[in-house]
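Scroll down for the structure; my scribbles are underneath it.
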There are 2 protein chains.
Amino acid sequence: MLDKINEILPMLSPSEARVGRWILAHPKEAANATLARLARECETSEPTVLRFCRRVGLSGFRDLALRLTEALSNPVRYVHRDVGPDDSTPDAMLKVMDASIQSLIDMRAQLSSMPVEAAVEAMREARQIAFAGLGASGHVATDACHKFFRLGIPCTSLCDTPMILQFAAIAEPEDVLVLLSHTGRWPDFVRAARLARKRGATVIAITNPESDVAAEVNLLFPCQLIEDTSVYTPMSSRLAQLALLDAIHVALALARGETASDTLRRSKDALKSNFPDISTH
Amino acid sequence: MLDKINEILPMLSPSEARVGRWILAHPKEAANATLARLARECETSEPTVLRFCRRVGLSGFRDLALRLTEALSNPVRYVHRDVGPDDSTPDAMLKVMDASIQSLIDMRAQLSSMPVEAAVEAMREARQIAFAGLGASGHVATDACHKFFRLGIPCTSLCDTPMILQFAAIAEPEDVLVLLSHTGRWPDFVRAARLARKRGATVIAITNPESDVAAEVNLLFPCQLIEDTSVYTPMSSRLAQLALLDAIHVALALARGETASDTLRRSKDALKSNFPDISTH
DNA sequence: AAATTTTTTGTAGTTTTACTACATGCTCGA
DNA sequence: TCGAGCATGTAGTAAAACTACAAAAAATTT
């Protein structure tokens with residue numbers, strides 16, 4: 001934010017530049033000041049300050065205060081920036097890492113609003129859990145499957161449409177179907193969700209909350225989708241999904257108590273003795 | 001700030017608690033909302049929201065918005081804390097997320113000291129790239145394979161020991177072998193690394209820098225291993241590996257220039273038209 | 001150099017927003 | 001059943017953000 005102001009400072013008119021310089025000089029005061037106060041400090045009028053705000057790409061004065069506190073509280077910012085063909089290699093890699101970190105931070109912030117208790121309740125005594133995902137989400141599904149089965153619950157991963165639909169068609173009330181999708185627009189997922197719910201199974205989705213799939217499930221874990229405007233930008237929401245499943249896995253392990261921790265330890269130990277390297281979650 | 005709200009939540013009156021819960025559920029929206037909007041969302045009146053603000057020790061609604069954006073931008077140190085059986089579910093999940101976030105932040109910090117240029121150089125005109133991993137690292141290998149092949153370079157993933165050793169035995173000088181391992185103590189990886197190097201291939205490892213494997217490769221991407229003292233703690237270094245591969249992938253795409261960005265765009269478009277959901281990074 | 005356009009800036013007014021005083025309603029104990 | 005005390009909402013106020021418009025200054029043209 002402050003960088004942005006600095007950047008466009010020379011392109012501003014005298015009065016507007018005065019506003020920018022004062023903000024750069026007193027960012028802390030500026031963040032808490034009122035429009036009138038700021039105008040007075042910069043010896044200009046309120047509309048000029050407003051014009052300044054618009055000029056730096058903000059919606060208004062309120063936005064300025066918000067962005068300013070944000071900039072001040074946070075020395076390192078992991079905001080999402082698109083990678084372009086002209087970026088230097090280290091720069092582009094940092095951008096990619098930042099996008100990944102940010103997607104995890106966003107997910108962490110939303111964690112408390114997610115239906116974890118209900119999901120754990122459904123999974124705890126489930127007859128079986130199926131993780132469904134296509135493409136890259138298929139990897140996530142397989143990964144989750146390998147993780148959850150170690151709690152002693154039968155698990156499958158479904159990585160193609162026929163499998164998913166077939167599972168939905170023969171699902172039973174004690175079954176849990178977890179749908180993994182980025183956009184949530186995949187029509188067969190909607191069909192599968194409807195089918196599985198009709199059969200009494202619990203359907204959980206980790207997907208875009210605005211999507212068709214989201215509307216059809218029992219429990220929704222909203223997963224924000226960062227628009228990948230550039231071909232270089234990878235899908236970092238995949239990492240967020242993995243991390244969320246890690247978290248749910250731990251919640252489920254805690255809910256199952258002794259049983260789970262025993263099972264977990266035993267399966268970890270089984271590997272440790274002979275195969276030091278296979279990671280086991 | 002959010003923790004503070006969580007803390008005093010039980011001490012609040014029903015309407016005030018509703019406000020608190022909504023804010024915890026939608027922190028981002030709350031930070032940008034107006035007083036009237038917030039009251040409406042919580043199905044209560046404006047003064048109740050104001051009283052809530054005072055109750056959590058703020059001067060007013062304006063303060064709330066400020067503190068909230070502050071909290072969202074970088075409130076917490078995401079240090080690693082072990083999960084224990086006595087943790088509450090939300091607490092345990094936060095710990096898991098924090099561990100994941102921290103491992104990415106650590107990786108980001110080390111990025112500049114990694115042999116990216118050399119790795120990209122080796123991969124750029126490689127005859128083929130093989131990603132090898134066992135257990136959970138196998139997923140990472142498969143994921144990486146699907147990602148890199150889209151740059152137009154032949155790729156394989158090797159997920160069991162015989163495959164890895166066989167590949168090493170027939171490797172050629174233009175080949176690149178990427179070894180993925182958490183501990184790096186797997187003896188067959190050491191053999192494979194030696195074998196492949198003897199055949200003139202470039203061997204890259206993403207692993208624990210203290211390990212045997214690390215000593216045997218051409219290029220090492222150090223990957224810190226968080227000791228998992230508790231059975232509940234999952235391996236968050238897996239996420240760091242994935243993110244690192246994302247970053248290397250982008251670096252490679254940039255290095256290959258037009259060719260890569262064309263290939264990428266074409267493979268993205270191919271999916272977009274018919275299959276809106278398969279993510280394609 | 002005068003006139004005209006364009007840009008910059010401020011005045012005055014409107015709408016919106018945060019906040020307050022007060023009244024109603026509700027709960028709970030006697 | 002009756003108030004005491006608390007929770008909650010209504011209505012109003014002050015102030016803040018924002019807008020329309022016009023004056024002034026600068027730049028451009030004639």
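Here the structure is a predicted model, which is why all the values come from computation and not from measurement.
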Euclidean distance, atom [atom1] of residue [X] to atom [atom2] of [N] [Å, nearest integer]:
X	N	atom1	atom2	answer
A:Phe52	C:dG10	CZ	P	15 Å
B:Arg37	C:dT15	CZ	C1'	19 Å
B:Leu58	C:dC19	CG	P	10 Å
B:Glu46	C:dC22	CD	C1'	16 Å
A:Arg62	C:dT16	CZ	C1'	8 Å
B:Leu50	D:dA14	CG	C1'	14 Å
B:Asn32	C:dT17	CG	C1'	15 Å
B:Glu16	D:dC6	CD	P	13 Å

### Message
So B:Arg51, base contact, sugar-phosphate only, or nothing? Heavy-atom distance under 4.0 Å.
### Response
base

Counting only side-chain nitrogens and oxygens, does [X] get under 4.0 Å of the OP1 or OP2 atom of [N]?
X	N	answer
B:Ser13	D:dA7	no
A:Arg54	D:dT19	yes
B:Thr48	D:dG9	yes
B:Thr34	C:dA18	yes
B:Ser15	D:dT8	yes

### Query
How about A:Ser100 and A:Ser103: does a side-chain donor come under 3.5 Å of a side-chain acceptor?
no

### Task
Among the candidates C:dT9, D:dT10, C:dA18, find the nucleotide nearest to the side-chain atoms of B:Phe61.
C:dA18

### Query
Should A:His182 and A:Asn208 be marked as a side chain to side chain contact (heavy atoms under 4.5 Å, CB included) after you check the CA-CA gap, both sets of side-chain angles, and the distance that decides it?
CA-CA 6 Å; A:His182 292 294; A:Asn208 172 18; over 6 Å; no

### Distance-minimising heavy-atom pair for A:Arg256 and A:Arg124
NH1-O, 2.7 Å

#### Entry: Step-by-step salt bridge (Lys or Arg N to Asp or Glu O under 4.0 Å) determination, B:Lys95 to B:Asp98
CA-CA 5 Å; B:Lys95 284 184 179 180; B:Asp98 284 351; over 6 Å; no

### Message
Taking atom CD as the centre, does A:Glu29 end up with more than 12 heavy-atom neighbours from other residues, nucleotides or ligands that are less than 6.0 angstrom away?
### Response
yes

